[in-house]
Each structure stands twice: as C-alpha cells, then as structure tokens.
J.: 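Quick one: the structure is below, and I'll ask about it shortly.
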Amino acid sequence: MSDWLKLLLLGIVSVVFGIVILGAPVVASIAITTLAGVLLLLSGGIQIVGGFTVEGAWGKVFSILLGIVMALLGWSFLAHPLEGVLTLATVVMILFAAGGIARIILAFQMRGTQLFWPTLISGLLSLGLAAYIMANAGAGLALSLLGILMGIEMLFNGFGLIFAALFVRRAAP
C-alpha cells in the first residue's frame, strides 16, 4: 500500500472518529477522564517507586509525596469520573485564560508590528472562550467540553491528514 493511501485512510478514520466523538461528547469526556486517571495512577506508582532511589532525604520525601498525590488524583478520577471531568474542564478553562492573557501581553509588546492584531485577537478569543466556559459550566458545557475539544481535534487532524495524502499523491512521480 502506498504512503499517500495510508495517510488518506488514517485521515478518514480520524474524521469518522471525530464525528462519533462529537455525537457523544459526554461519553468521550468520561473516557478521557478515565484514561487520565489510569495514567495518573500508573505514573504515581512509578514516581513512588522511583522516589526510593533519589539521593538526599528532602528529595526522596518530595518525590514520594508527589507520587502519592498523583496516585490519589488518578484514583479519584477513576472512582468519580464525572467530578474528574469537571476538574479537567476547569483546568482547560484556566489554561485557555492563562494562554489568552499571555498572548494579550505579548501582543502589546509587539505593538507596531504586523503581528500585533492577530496576536491580540487570538488572546482575546482565548480569554473569551474561557469566560464562555465559566459562564456555562452549570449548563452542562463542562461535562461535554473535553469530548467536544477532542472531537474537533480529531476532525482537524483527519482533514490535515487527508490534505497531506492528496499532496503526497500529487507530488509522487
């Protein structure tokens, strides 16, 4: 099978999964939270075991405590996935707000250049998205936010792969 065909098939699968995820964003959000819980639990356990190999008393204690916190957070996500979804949605909202503020500050440092307006608009949109998430958190948006973002990412990724496949096909001799 040629490379462009592999890219095309992978892109089509990604678009299909993106559509499926957007059809059930709450289920996808719970799946994302469950996966995050498993990964936090595993990495917390590894951190605890690795903490015993750290030199120095304070480093050892800090490493083991960090592993315990990660393991407890992972267990909490697995035991209470809906609360975990809300927690992760809150983290996403905070990251959107922080990224927006950072881009607004950066835009004013680039005043007078052609990048000022795009950077400022990007920062304002991120800040607006964070405000929208905060305002609609009680309306169920927080429960579906992670799934919606994952579905959109899968669509963008799929279309990107499809376009790359078509480009590779045209560029091939």
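Residue indices begin at 1 and follow the sequence shown.
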J.: Any link between Leu39 and Ile68 through a network of hydrophobic side chains (Ile, Leu, Val, Met, Phe, Trp, Tyr) touching at under 4.5 Å?
T.: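 No, Leu39 and Ile68 fall in different hydrophobic clusters.
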
J.: Determine whether a donor-acceptor pair (N or O, by modelled atom type, separation under 3.5 Å) exists between the side chain of Ser144 and the backbone of Val26.
T.: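 Side chain of Ser144 to backbone of Val26: no pair is present.
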
J.: How about Thr87 and Phe77: do any of their side-chain heavy atoms sit closer than 4.5 Å?
T.: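 A side-chain contact under 4.5 Å exists here.
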
J.: For Phe17, does the CZ atom have more than 12 heavy-atom neighbours from other residues, nucleotides or ligands under 6.0 Å away?
T.: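 No.
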
J.: Side-chain contact test, heavy atoms from C-beta onward, threshold under 4.5 Å: evaluate it for Leu65 versus Val69 and give yes or no.
T.: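 Counting from C-beta outward, Leu65 and Val69 never come under 4.5 Å.
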
J.: Would Ile19 and Val15 satisfy side-chain contact (heavy atoms from CB on, under 4.5 Å), going step by step from the backbone distance to the final call?
T.: CA-CA 6 Å; Ile19 292 169; Val15 168; 4.0 Å; yes

J.: Indicate yes or no: at least one non-hydrogen side-chain atom of Leu125 is less than 4.5 angstrom from one of Leu129.
T.: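 No. Closest side-chain heavy atoms not under 4.5 Å.
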
J.: Would a hydrophobic clustering, with Ile, Leu, Val, Met, Phe, Trp and Tyr connected at side-chain separations under 4.5 Å, put Leu78 with Ile32?
T.: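 Different hydrophobic clusters.
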
J.: How about Leu40 and Trp75: do any of their side-chain heavy atoms sit closer than 4.5 Å?
T.: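 A side-chain contact under 4.5 Å is absent here.
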
J.: Check whether any side-chain heavy atom of Leu166 sits under 4.5 Å from a side-chain heavy atom of Ile162, and report yes or no.
T.: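 Touching, per the 4.5 Å side-chain cut-off.
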
J.: Keeping Asn157 on the side-chain end and Glu153 on the backbone end, is there a donor-acceptor pair under 3.5 Å?
T.: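 Looks like no, no N/O pair under 3.5 Å.
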
J.: Using only atom types and a distance under 3.5 Å, with no angle test, would you say the side chain of Thr33 pairs donor to acceptor with the backbone of Ser29?
T.: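 At least one qualifying donor-acceptor pair exists.
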
J.: Is a donor on one side and an acceptor on the other found under 3.5 Å between the side chain of Ser126 and the backbone of Gly123?
T.: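 Not confirmed, Ser126 side chain does not pair with Gly123 backbone.
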
J.: Working to the nearest 0.5 Å, report the span between CG of Leu145 and CZ of Phe96.
T.: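 That separation rounds to 6.5 Å.
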
J.: Is there side-chain contact between Ile121 and Leu124, with at least one heavy-atom pair below 4.5 Å?
T.: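 No, too far: nothing below the 4.5 Å cut-off.
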
J.: Are Leu8 and Leu155 linked, directly or through intermediate hydrophobic residues, by side-chain heavy-atom contacts shorter than 4.5 Å (ILVMFWY only)?
T.: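 Per the 4.5 Å side-chain linkage, Leu155 and Leu8 are co-clustered.
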
J.: In terms of hydrophobic clusters joined by side-chain contacts under 4.5 Å, are Ile105 and Trp117 together?
T.: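 They do share one cluster, since a chain of ILVMFWY contacts under 4.5 Å joins Ile105 to Trp117.
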
J.: Under the 3.5 angstrom rule, does the side chain of Ser76 hit a backbone N or O of Leu72 as a donor-acceptor pair?
T.: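 Not confirmed, Ser76 side chain does not pair with Leu72 backbone.
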
J.: Nearest 0.5 Å please: distance from the CD atom of Gln114 over to the OG1 atom of Thr119.
T.: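 Between atom CD of Gln114 and atom OG1 of Thr119 there are 10.0 Å.
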
J.: With rounding to the nearest 0.5 Å, note down the distance linking CG in Leu120 to CZ in Arg111.
T.: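 Going from the CG atom of Leu120 to the CZ atom of Arg111 covers 10.0 Å.
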
J.: Which other residues end up in the same hydrophobic cluster as Leu115, if Ile, Leu, Val, Met, Phe, Trp and Tyr are linked when side-chain heavy atoms come under 4.5 Å apart?
T.: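 Leu106, Met110, which link up through side-chain heavy atoms under 4.5 Å apart, make up the rest of the cluster.
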
J.: Can a donor-acceptor pair be found, under 3.5 Å and without considering hydrogens, that links the side chain of Thr90 to the backbone of Leu86?
T.: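 It does hold such a pair.
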
J.: If you apply the rule side-chain contact (heavy atoms from CB on, under 4.5 Å), what do you find for Leu7 with Asp3, and how did you get there?
T.: CA-CA 6 Å; Leu7 285 174; Asp3 290 339; 5.6 Å; no

J.: With a sphere of 6.0 Å drawn around CE of Met93, does it hold more than 12 non-hydrogen atoms of other residues, nucleotides or ligands?
T.: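 Yes, the 6.0 Å shell around CE holds more than 12 heavy atoms from other groups.
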
J.: Same cluster or not: Phe163 versus Ile12, using hydrophobic residues (I, L, V, M, F, W, Y) connected whenever any side-chain heavy atoms lie under 4.5 Å apart?
T.: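 In one cluster with Phe163: Ile12, yes.
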
